[in-house]
Amino acid sequence: MSMTMGIVVLFVKMLAVLAVLLGMAAYMVLLERKLLGWFQLRPGPNRVGPFGLLQPIADGLKMLLKEDIIPRDAERLLFLIAPALLALTTLLAFAVVPFGPDLVIGGQVIPQVISDLNVGLLMIMALSSIGVYGVALGGWASNSKFSLLGAIRGAAMMISYELPLSLALVPVVMLSGSFSLTDIVNAQQGYPFILVQPLAFALFFVSAMAESKRVPFDMPEAENELMAGFHTEYSGMRFALFFVGEYVNMVLLGALTAVFFLGGWHGPFLPPIVWFLIKIMITPFFLIWTRASLPRLRYDQLMHLCWKVLTPLALLNIIVTGAFMAG
Amino acid sequence: MSDIIAAARGFFRGAKGIADAYLMVLRHLFRKQLTEPYPEFKRELPERTRARIVLTRTPDGDERCVACYLCSGACPVNCISMQSEEREDGRRHAAWFRINFARCIYCGLCEEACPTLAIQLTPDFAFAKDDIMKFVYEKEDLLIEGGGKHPDYDFYKHCGVAFGKAGKGERPGERPPVDVKNNLP
Amino acid sequence: MEITQSAASALNFWEPGALSLAVYGALLVAVMGVILFLSAWLNPTKKSPNKDIPYECGITPTGQARFQYPTPFYLVAAFFLIFDVEAVYVFTWAVSFTRLTWTGWLQISFFIAVLFLSLVYVWRKGGLEWSANPMR
Ligand code: SF4
Ligand code: SF4
């Protein structure tokens, strides 16, 4: 097959991923508002289009037409790039997420993943850490006390949840013997890892909830104490980029949970991509459900949870898993 | 040992608490929604609801306001202004009367202050404008037909002021004025 | 020979490797740039002294908002760095786990035990107490 064809296919693939992601992020906002509405016995947005289905488009247009205000004494450059940094890292992490088995069209193998790096898992970890820079820099640069407090909390949270988040994935790496996400999914051909690693799943999920900066771990943007936390000073499209980052992150966590523990695209009857989408949606639904159910933790409580409960459990889990597998 | 049991009990109590919260919320997904969609369903508001202000008229169709400035003085945000004037028949009224609804906080103090029951707040709360200057209502916009909440009241029937055909103390229910110079013991 | 081959495969667009990652990254940067350019182009900023004040619920802000991070933060950050580096060792062990035997398990168990002990030590020393008066 020719080079040009390869480029075209690559671009089609990327644009499809990007379009689906941004679309999913936009509709995730609608889904969240709808579900929260239903959980609170109200209908949620229902005016723009049938059942409010055009609401994300209206919101996006509104954001695009809003003025972009830069507060006095802000660190201009950092203030300007911070939201893009957050959105960029979360979107970039999707490069290594496989959406299905290799397609074979006309004798040419087309992998359904943008970049099957053999250090995929490490890259996702690294990107999720870099994403915190968006929070910390954005909050610090806006020269507002609320923002700075949000930024400090974001950074303080990151140094707490990263450790259990990565340690919880060690058993998955042990079981599949690879960092590549495609290999990890392939290793779950027979059974999803959640069946053999329920504890690792629980640890990963709690840490991932903290990573998503959502209730009950939404201290960086706790709206009733810090206005909007690190993005208090943001407006217009930059504010929207923070939101894109947050909601793409929800989708990303759904995808990662699906890949690491729920068996990725494997599943009976339905085509792989459908299975994968279904599995992706489980986590966001649960996150929204959590938002409607639980109150917010203090951030020292989160640190205690991460350092004194999750990390020891994760370490223990590694040893026990190793003993079972070696034995 | 008892420590461990207590810790385990605490753990299960906490876990049950969280699970209960989740279940309770999930149950709400399947309950009937309480929302009434607003423009389709309009609730009947009580008569005393405080919203758009009107100037009312006496039973015989004359304007009630005597331009006494009491409402203007009572208004905490100073959004009422007017100019008083005497009509040919000797009755006071407002040459112009202006309420700036962009500033009004609908506190109802003007209504309380008014001795003639002229100024009244109505339940019509939904009047949005695309331009803030359109919120400045003049007398023509404020004056309505009828007496609003108190249709039968007429200040000049009880005021004891000489006006029109009736002099002081000549209206029904009024006593003739006391001659203060003749009031010596 | 091998080098040329790997270079050829690295430049192959069919291959889901580093090249496609780079292209994807460039595409994302371009998309971000377009979005931010569009919003800046559609809404020219209108400066006004009141609008530029940082929002503090209506109170006029005093002083800079660049105070120092609290000290316990540095402590926990140092622990985080140390433990994260150790997590990297655990990861390298985990990826080759299938080829290791009980010996490997014993070695990593010893390593993790040391890690665990140091965590317990830090815990006992009060290094994980964020506030002076924690609720629990
Ligand atoms: S309702 Fe209150 S604020 Fe409005 S005009 Fe009357 S006194 Fe003034
Ligand atoms: S509306 Fe009432 S209070 Fe106001 S000037 Fe007229 S009579 Fe006086």
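Being a predicted model, the structure only gives us computed values, none of them experimental. All chains are named by letter (A, B, ...) in the order of the sequence lines, taking the proteins before the strands, and each is independently numbered beginning at 1.
Looking at A/Asn143 and A/Glu233, their side chains never bring a donor and an acceptor atom within 3.5 Å of each other.
In this structure a side-chain-to-backbone donor-acceptor pair under 3.5 Å is missing from A/Asp68 to A/Met237. Between the side chain of A/Ser235 and the backbone N or O of A/Glu67, at least one donor-acceptor pair lies under 3.5 Å.
Contact tally against chain C (heavy-atom pairs below 4.5 Å) for A/Leu167, A/Val172, A/Leu241: the top residue is A/Leu241. When each of A/Thr232, A/Leu65, A/Leu149 is checked for heavy-atom pairs under 4.5 Å with chain C, A/Leu65 comes out on top.
Applying the salt bridge (Lys or Arg N to Asp or Glu O under 4.0 Å) definition to pairs two or more places apart or across chains, none involves residues 155-169 of chain A.
Heavy atoms closer than 4.5 Å to chain A are found in both the backbone and the side chain of C/Ile35. For A/Ala314, no part sits under 4.5 Å from any heavy atom of chain C, backbone or side chain. Contact of A/Leu21 with chain C is made through the side chain alone, with heavy-atom distances under 4.5 Å. Proximity to chain C is absent for every atom of A/Leu175, based on heavy atoms less than 4.5 angstrom apart. Only the side chain of A/Leu18 has a heavy atom closer than 4.5 Å to any heavy atom of chain C. For a residue to count as touching a neighbouring chain, one of its non-hydrogen atoms must lie under 4.5 Å from one of that chain's; by this rule A/Ser178 touches chain C with the backbone only. Contact annotation for A/Phe146: only side-chain heavy atoms (C-beta onward) come within less than 4.5 Å of a heavy atom of chain C. Only the side chain of C/Leu119 has a heavy atom closer than 4.5 Å to any heavy atom of chain A. In this structure, chain C has a heavy atom under 4.5 Å from the side chain of A/Ile69, while its backbone stays farther away. In this structure, no portion of C/Val122 lies under 4.5 Å from any heavy atom of chain A. Contact of A/Met123 with chain C is made through the side chain alone, with heavy-atom distances under 4.5 Å. Of the atoms belonging to C/Leu27, it is side-chain heavy atoms, and not backbone ones, that fall under 4.5 Å from chain A. A/Val96 does not touch chain C: none of its heavy atoms, backbone or side chain, sits under 4.5 Å away.
Note: C/Phe37 and C/Trp41 have parallel aromatic rings, judged against thresholds of 30 and 60 degrees for the angle between ring planes. Below 30°, between 30° and 60°, or above 60°: for A/Phe79 and A/Tyr234 the angle between ring planes is below 30°, a parallel geometry.
Within a 6.0 Å sphere centred on OH of C/Tyr89, heavy atoms belonging to other residues, nucleotides or ligands number 12 at most.
Aromatic ring centroids of A/Phe179 and C/Phe91 lie under 6.0 Å apart. Ring centers of C/Trp123 and C/Phe116: at least 6.0 Å apart, outside the cut-off.
A heavy-atom distance below 4.5 Å is not found between the side chains of A/Leu165 and A/Leu310.
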